[in-house]
Amino acid sequence: MIPVGIVGYGYWGPNLARCTAEADGCTLAAIADASAAARARAVKRHNAAVLDDWRDMIADPNIAAIMIATPARTHFEIALAALHAGKHVLVEKPMTETSTEALVLIEEAAKRNLTLMVDHTFVYTGAVRKIREMIDEGLVGDVFYYDSTRVNLGLFQHDVNVIWDLAVHDLAILDYLLDCQPVAVSANGAGHLGRLENMAQITIYFAGGTTAHLNVNWLAPVKIRQTLIGGSRRMIVYDDLQPSEKIKVYDRGVDVVGSQEELYRLLVSYRTGDMWAPQISVKEALMTEVEHFLDCITTQTAPLTSGGSGLRVVEMLENASLSLQQRGHPIEFTPLRRAS
Ligand SMILES: NC(=O)c1ccc[n+]([C@@H]2O[C@H](COP(=O)([O-])OP(=O)(O)OC[C@H]3O[C@@H](n4cnc5c(N)ncnc54)[C@H](O)[C@@H]3O)[C@@H](O)[C@H]2O)c1
């Protein structure tokens with residue numbers, strides 16, 4: 001049994017606490033939150049020690065692993081202290097505020113042989129797993145584009161803009177789906193109600209030729225979670241809000257006849273074949289993820305969403321933010337700053 005402590009019991013922490021309490025192979029030993037109201041909710045729901053200072057949890061030699069569900073600005077300090085104390089760490093997205101901090105955590109975990117995992121929840125959904133499976137099997141062909149709309153009304157965050165809150169999910173999905181590095185990113189956005197951008201459009205160019213376009217917005221009248229993935233062989237519509245049939249695969253596309261050099265001869269024939277909705281696992285992603293974290297600790301294997309993937313996502317966020325400040329000026333990725 002792995003004794004687990006959770007820091008942060010606001011909106012997301014209770015989900016981690018529920019899954020940890022239910023998962024085999026661990027016990028929910030303690031919850032820490034600076035807010036008295038959050039602690040009162042935790043006391044009602046869980047039979048665990050409830051603390052006001054996360055440092056007391058980290059000082060407890062009986063706790064082997066820490067999950068961090070506090071705001072992004074606090075992740076680095078808490079995660080580093082936990083690793084220093086010899087605890088395994090599952091940290092919420094975004095892993096840290098800077099790639100330099102992410103690298104420090106990765107090195108610290110490696111030095112101490114500890115598991116460091118980032119909660120990129122979508123990677124553990126049946127839908128995203130299925131898309132990856134279809135790409136691996138060659139069903140999709142070359143991935144031409146990933147075009148996502150992730151908009152709704154709120155929740156306005158106080159410490160991060162909409163890119164760090166919503167686009168982070170797509171960046172994590174892209175990091176999992178594509179086996180290639182981003183080359184450049186361009187981002188535009190606007191903050192209508194304060195200093196932080198509440199809407200943004202991001203374009204990412206990948207080495208393999210894939211282009212990703214992300215549209216994120218906290219100020220939309222309706223909630224949309226729709227992604228189009230265009231491949232040379234099939235196209236996918238992924239609608240995360242559908243209760244069933246979240247993924248639809250279309251045998252549609254164009255076949256080009258003639259050579260690119262002789263453009264005037266180029267003929268395009270349209271293919272309009274079948275559409276089907278593959279079976280996907282309906283198991284709760286967060287439960288799959290918590291079980292994976294425990295398994296990685298036990299077997300000393302690298303998590304699917306390791307510190308490395310957390311770092312790559314933070315790098316994309318950093319460069320997108322830089323471009324945002326320059327009204328869409330493309331920012332190139334520097335190979336030296338990438339982790340393997
Ligand atoms: N994986 C997902 O799908 C997902 C979804 C939502 C949020 N998140 C992530 O979870 C994290 C928390 O987000 P949230 O929406 O739950 O925020 P929140 O503000 O609702 O909750 C944060 C909690 O942390 C507590 N806290 C803050 N600083 C603290 C400190 N220094 N010590 C102890 N407690 C402290 C607050 O009192 C609060 O109860 C963020 O990183 C966010 O990006 C992830």
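Counting starts at 1 for both ligands and their atoms, following the listed order.
Salt-bridge annotation for E137 and R234: absent, with no side-chain N of the basic residue lying under 4.0 Å from a carboxylate O of the acidic one. A salt bridge links R132 to D179: one of the charged nitrogens lies within less than 4.0 Å of a carboxylate oxygen.
Contact atoms of ligand 1 toward H75: 41 (O) (distance under 4.0 Å to a heavy atom of the residue). Counting the atoms of ligand 1 from 1 in the order shown, those under 4.0 Å from a heavy atom of S35 are 37 (O). Annotation for ligand 1: atoms under 4.0 Å from non-hydrogen atoms of G8 are 24 (O). Atoms of ligand 1 found under 4.0 Å from any heavy atom of P71 (numbered from 1 in listed order, with element): 22 (C), 24 (O), 27 (C), 28 (N).
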Worksheet item: When you look at D239 and R225, which way does the salt bridge (Lys or Arg N to Asp or Glu O under 4.0 Å) test go after all the steps?
Response: CA-CA 6 Å; D239 188 340; R225 296 283 186 271; over 6 Å; no
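Within 4.0 Å of atom 32 (N) of ligand 1, at least one protein heavy atom is present. Distance remark: protein heavy atom present below 4.0 angstrom from atom 21 (O) of ligand 1.
At least one N or O atom of K93 sits closer than 3.5 Å to an N or O atom of ligand 1. Between Y11 and ligand 1, a contact under 3.5 Å exists for at least one N or O pair. Considering both main-chain and side-chain atoms, A34 comes within under 3.5 Å of ligand 1 through a nitrogen or oxygen pair. Checking only distances, Q157 never comes within under 3.5 Å of ligand 1, N or O to N or O. Taking distance alone, with nitrogen or oxygen atoms compared against 3.5 Å, D52 stays at or beyond that limit from ligand 1.
Partners of R112 according to the salt bridge (charged side-chain N to carboxylate O under 4.0 Å, His left out) rule, which considers only residues two or more places apart in sequence or in another chain, are E108.
With hydrogens and angles left out, the side-chain atoms of T70 and W54 include no donor and acceptor closer than 3.5 Å. Between the side chains of T149 and Q226, no donor N or O sits under 3.5 Å from an acceptor N or O. No side-chain N or O of W164 forms a donor-acceptor pair with one of D159 less than 3.5 Å apart. Side-chain polar atoms of R45 and Y9 form a donor-acceptor pair below 3.5 angstrom.
Between atom 44 (C) of ligand 1 and the options R41, E92, R39, the minimum heavy-atom separation is to E92. Selection from D33, L286, V168 by nearest heavy atom to atom 36 (C) of ligand 1 gives D33. When the heavy atoms of W12, Y124, W54, F122 are ranked by distance to atom 4 (C) of ligand 1, first place goes to W12.
The single protein non-hydrogen atom nearest to atom 1 (N) of ligand 1 is T121 OG1, 2.7 Å, given as residue, atom name and distance. Looking at atom 12 (C) of ligand 1, its nearest protein heavy atom turns out to be A69 O, 3.3 Å. Nearest protein heavy-atom neighbour of atom 26 (N) of ligand 1: T70 CG2, 3.8 Å.
Every pair passing salt bridge (Lys or Arg N to Asp or Glu O under 4.0 Å) that includes a residue from residues 14-24 is listed here, sequence neighbours excluded: R18-E284.
Using 4.0 Å as the threshold, H169 has a heavy atom nearer than that to some atom of ligand 1.
No more than 12 heavy atoms of other residues, nucleotides or ligands sit less than 6.0 Å from atom CG of L155.
Taking the centre of each ring, Y124 and H292 come in below the 6.0 Å mark.
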